[in-house]
Amino acid sequence: MSAKPVVIVGPTASGKSSVAMAVAQAETSASSPIHIVAVDAMQVYRDMNIGTAKPTVADQALVPHHCVDLVDSHERFTVAEFKKSATIALESIAKENGRALFVAGTGLYLTAVIDDLVLPGEFPETRVAIEQELNTATLFARLNDLDPDAAQKIERSNRRRIVRALEVCIGSGKPFSSFGPGTSAYPDNGVIQIGLRWSRDKLAQRVADRVYAMMNEGLLAEVTALRNSKQGLSRTAAQALGYKELLVHLDGKMSLDEAVNETIIHTRQFAVRQERWFRRDPRIKWVSISEDPVAEIVPVVAKHLR
RNA sequence: GGUCGGGUAGCUCAGUAGGCAGAGCAUGCGCCUGAAAAGCGCAGGGUCACCGGAUCGACGCCGGUCCCGACCA
């Protein structure tokens, strides 16, 4: 990494983006402007704006943003592309003598960048061959044979992780575990991370409020347009919260009310999963918020940006 | 008013020819390297509507009460 960013982490609907905007505008030293980098697996897709809570055009005009709108919504996108884009963004920010402020909701993407995860590469033909085997237990046994260290860290029912580990072992000829300690190493990387923490009840309320607000802003129309586009949505984009559920509704398999309620539940669950991911990282400085994230957090972030 | 269903976990519902009460979802907790807004695991949770009866033993059988639904009048 060229320059050390300051990172704001927190679950969805915690108010990360508004904090970042406020910080960036408060710190308008012309010599070293703040750039916001979105570390978010869904804001990378163009034309998915309302449901991903993407920074608005107005916000993007006020403060330079990075890692937003990187690909079309029918395209495949993975951590590797993200890591590349974020690295390029950091370089260009450094070149402009700016300061990078990360707004991070996707833990894996953040780790990939700030802890410089080594991505072992992809081996598509190998993967296809592995996928032929339908019995996950058999795959697990094979992995346990090739790379016992990796197998030990994976639940034997987690087909997804088993397949990927096997893909790397067979494709690269080296054990998956030889590529590094993984996502839970938490090395001292010098990056300051500040976490926004809400009580569960308040966060749940904010999630529900935000989903209703998105509906009022026209999320249904946005999803309808994407659904009608010739290329459709990529596998990943089609799983985005709010989009996934509204697509089911548009297929006539669920009422609109149900789809909205499901979106609220799934978003709440996602927020909890994000909290669980981030709270394992001992390097994060947590700040509890009771009412107003901007008022309560901006001073903390600003202090670290000096 | 009558007949027939039904009342079991927060929700939707299984269940037992009487023998320690189940699933899915939700909730809590944990895991996480190319789909990560994804994926996987573990856990808590019940006066089986209420009252009485027969039985060694009742969520189940018998009698009554109260609720809900459908149909009939």
Side-chain angles (χ1 to χ4, degrees), chain A residues 10-14 38-45 48 50-54 71 73 75-85 104-124 126-127 131 136 139-140 147 149-169 171-172 174-186 200-201 204 207 210-211 214 233-247 258 261-281:
Chain A
T12 190
S14 61
V39 182
D40 185 297
M42 295 298 161
Q43 291 182 0
V44 300
Y45 294 110
M48 293 174 66
I50 298 171
T52 63
K54 192 179 288 174
V71 294
S73 53
E75 291 180 86
R76 189 175 112 94
F77 190 87
T78 73
V79 221
E81 282 84 55
F82 185 82
K83 190 184 173 193
K84 212 172 297 168
S85 298
T106 303
L108 176 63
Y109 285 13
L110 212 218
T111 309
V113 177
I114 68 173
D115 293 330
D116 200 23
L117 272 191
V118 175
L119 302 170
E122 289 189 291
F123 309 91
T126 308
R127 169 174 278 264
E131 296 275 16
T136 304
L139 292 178
F140 183 83
D147 187 354
D149 288 345
Q152 207 184 6
K153 291 172 69 178
I154 302 177
E155 275 140 345
R156 49 192 65 230
S157 50
N158 198 334
R159 182 177 174 90
R160 186 106 122 219
R161 292 184 61 209
I162 294 168
V163 168
R164 161 98 270 241
L166 271 177
E167 173 191 343
V168 172
C169 288
S172 73
K174 290 188 291 185
F176 185 51
S177 58
S178 70
F179 288 89
T183 54
S184 48
Y186 311 118
R200 279 286 160 82
D201 288 353
V207 164
R210 197 172 70 162
V211 170
M214 286 172 173
L233 291 174
S234 71
R235 182 170 60 175
T236 313
Q239 297 171 323
L241 294 164
Y243 298 82
K244 177 173 45 183
E245 295 81 2
L246 290 179
L247 285 170
E258 281 177 299
N261 282 330
E262 293 272 293
T263 300
I264 291 171
I265 291 171
H266 293 158
T267 305
R268 200 167 59 214
Q269 293 173 330
F270 168 55
V272 170
R273 234 180 302 133
Q274 287 173 300
E275 284 184 342
R276 293 210 263 255
W277 174 287
F278 289 124
R279 76 188 172 198
R280 297 165 60 213
D281 187 339

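First the proteins, then the strands, lettered A, B, ... as listed; each starts at 1.
Using a distance-only test at 3.5 Å, with no hydrogens or angles considered, a donor-acceptor pair links the side chain of A:Thr106 to the main chain of A:Ala41. A:Gln152 contributes no side-chain N or O that, together with a main-chain N or O of A:Asp149, makes up a donor-acceptor pair within less than 3.5 Å. Side chain of A:Lys83 to main chain of A:Leu117: a donor-acceptor pair is present (N/O by atom type, distance under 3.5 Å, no hydrogens or angles).
Residue A:Arg200 places at least one side-chain N or O under 4.0 Å from the OP1 or OP2 atom of B:C29. For A:Arg279 and B:G30, the shortest distance from a side-chain N or O to OP1 or OP2 is below 4.0 Å. Side-chain N/O atoms of A:Ser184 include none lying less than 4.0 angstrom from OP1 or OP2 on B:C31. Taking 4.0 angstrom as the limit, A:Arg161 places none of its side-chain polar atoms (N or O) nearer than this to OP1 or OP2 of B:C40. Residue A:Gln274 places none of its side-chain N or O atoms closer than 4.0 Å to OP1 or OP2 of B:A37. Side-chain nitrogen and oxygen atoms of A:Gln269 include at least one within less than 4.0 Å of the OP1 or OP2 phosphate oxygen of B:U27. Contact annotation: A:Arg268 reaches the phosphate of B:U27 (side-chain N/O to OP1 or OP2, under 4.0 Å). Distances shown here put a side-chain N or O of A:Ser157 below 4.0 Å from the OP1 or OP2 atom of B:G41. The phosphate of B:A38 has OP1 or OP2 within less than 4.0 Å of a side-chain N or O from A:Lys244.
Separation of the C1' atoms belonging to B:U12 and B:G6 is 14 Å when rounded to the nearest angstrom. Spacing between B:C59 and B:G7 at atom P, rounded to whole Å, works out to 15 Å. B:A38 sits 12 Å from B:G34 when the C1' atoms are compared, rounded to a whole Å. Taking atom P in both B:A26 and B:C42, the straight-line distance is 16 Å, to the nearest Å. Taking atom P on both B:G64 and B:G28, the two are 46 Å apart, rounded to the nearest angstrom. Here, B:A23 and B:G15 have their P atoms 15 Å apart, quoted to the whole Å. Across the C1' atoms, B:G45 and B:C29 are found 14 Å apart, a figure rounded to whole Å. For the C1' atoms, the distance linking B:A9 with B:G46 amounts to 6 Å, nearest Å.
A:Gly180 comes within 4.0 angstrom of a base, heavy atoms only. Using a 4.0 Å heavy-atom criterion, one finds that A:Phe179 contacts the bases of the nucleic acid, with or without backbone contacts as well. The residue A:Val118 sits close to a base: some heavy atom pair falls under 4.0 Å. Here A:Arg76 lies in heavy-atom contact (under 4.0 Å) with sugar-phosphate atoms only. At the heavy-atom level, A:Gly107 lies nowhere under 4.0 Å from the strands shown. As judged by a 4.0 angstrom heavy-atom cut-off over every strand, A:Arg276 is placed among the base-contacting residues. Across all strands, A:Phe77 comes closer than 4.0 Å only to sugar-phosphate atoms, never to a base (heavy-atom distances). Looking at heavy-atom distances under 4.0 Å, A:Glu167 makes no contact with the nucleic acid at all.
Distance from the side chain of A:Ile265 is smallest to B:A26 among B:A26, B:C40, B:A37. Here the side chain of A:Arg127 is nearest to one of B:U33, B:A35, B:A37, namely B:A35. Comparing B:C40, B:A35, B:G34 by their closest approach to the side chain of A:Gln239 singles out B:A35. The side chain of A:Glu155 lies closest to B:G41 when the candidates are B:A37, B:U33, B:G41. Among B:G34, B:A37, B:G28, the nucleotide with an atom closest to any side-chain atom of A:Met42 is B:A37.
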CA sep, side-chain torsions, deciding dist, call: A:Lys244, A:Glu262, side chain to side chain contact (heavy atoms under 4.5 Å, CB included) | CA-CA 10 Å; A:Lys244 177 173 45 183; A:Glu262 293 272 293; over 6 Å; no
Passes salt bridge (Lys or Arg N to Asp or Glu O under 4.0 Å), A:Asp147 versus A:Lys174? Steps please.
-> CA-CA 9 Å; A:Asp147 187 354; A:Lys174 290 188 291 185; over 6 Å; no
Yes or no on side chain to side chain contact (heavy atoms under 4.5 Å, CB included) for A:Trp277 and A:Leu110, after CA distance, side-chain angles and deciding distance?
-> CA-CA 11 Å; A:Trp277 174 287; A:Leu110 212 218; over 6 Å; no
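Searching all strands for a Watson-Crick or G-U wobble partner of B:A54 with both distances below 3.5 Å returns nothing. Across every strand in view, B:G69 sits in a pair with B:C4 that passes the Watson-Crick or G-U test at under 3.5 angstrom. The partner of B:C42 is B:G28, judged by Watson-Crick or G-U wobble contacts that both fall below 3.5 Å. Using the Watson-Crick or G-U wobble rule with both distances under 3.5 Å, B:A14 pairs with nothing in any strand shown. Applying the Watson-Crick and G-U wobble criteria (two distances, each under 3.5 Å), B:U47 pairs with nothing in any strand.
Between A:Arg159 and A:Thr12, the one whose closest nucleotide on RNA chain B sits nearer the 5' end is A:Thr12.
Going from atom CG of A:Asn158 over to atom C1' of B:G41 covers 9 Å, rounded to whole Å. Atoms CD1 (A:Ile162) and P (B:C40) sit 11 Å apart, rounded to a whole Å. Whole-Å rounding puts the A:Leu108 CG to B:A37 P distance at 8 Å. The CD1 atom of A:Ile264 sits 12 Å away from the P atom of B:U27 (whole-angstrom rounding). A straight line from CG of A:Leu166 to P of B:U33 spans 13 Å, rounded to a whole angstrom. One interatomic measurement links the two molecules: CZ of A:Arg160 to P of B:G41, which rounds to 13 Å at whole-angstrom precision. Computed from coordinates, the A:Leu233 CG to B:A37 P distance equals 16 Å when rounded to whole Å. Put simply, CD on A:Gln152 is 19 Å from P on B:G41, counting in whole angstrom units.
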Would you list the protein and nucleotides 9-12 of chain B atom pairs, both N or O, that sit under 3.5 Å from each other?
none

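A salt bridge between A:Glu275 and A:Arg200 is present, with a side-chain N of the basic residue lying under 4.0 Å from a carboxylate O of the acidic one. A salt bridge links A:Arg164 with A:Glu167: the distance from a Lys NZ or Arg NE/NH1/NH2 to an Asp or Glu carboxylate oxygen falls below 4.0 Å.
A:Phe82 and A:Tyr109 have parallel rings, their planes meeting at less than 30° on a 0 to 90° scale where 60° marks the start of perpendicular.
Side-chain contact annotation: A:Thr267 with A:Arg210, donor-acceptor N/O pair under 3.5 Å absent.
Distance CD/A:Glu131 to CG/A:Leu166: 10.0 Å, rounded to 0.5 Å.
The 12-atom threshold is not exceeded at CZ of A:Arg156, counting heavy atoms of other residues, nucleotides or ligands nearer than 6.0 Å.
For A:Arg235 and B:A38, a side-chain-to-base donor-acceptor distance below 3.5 Å is absent, hydrogens and geometry of angles not being considered.
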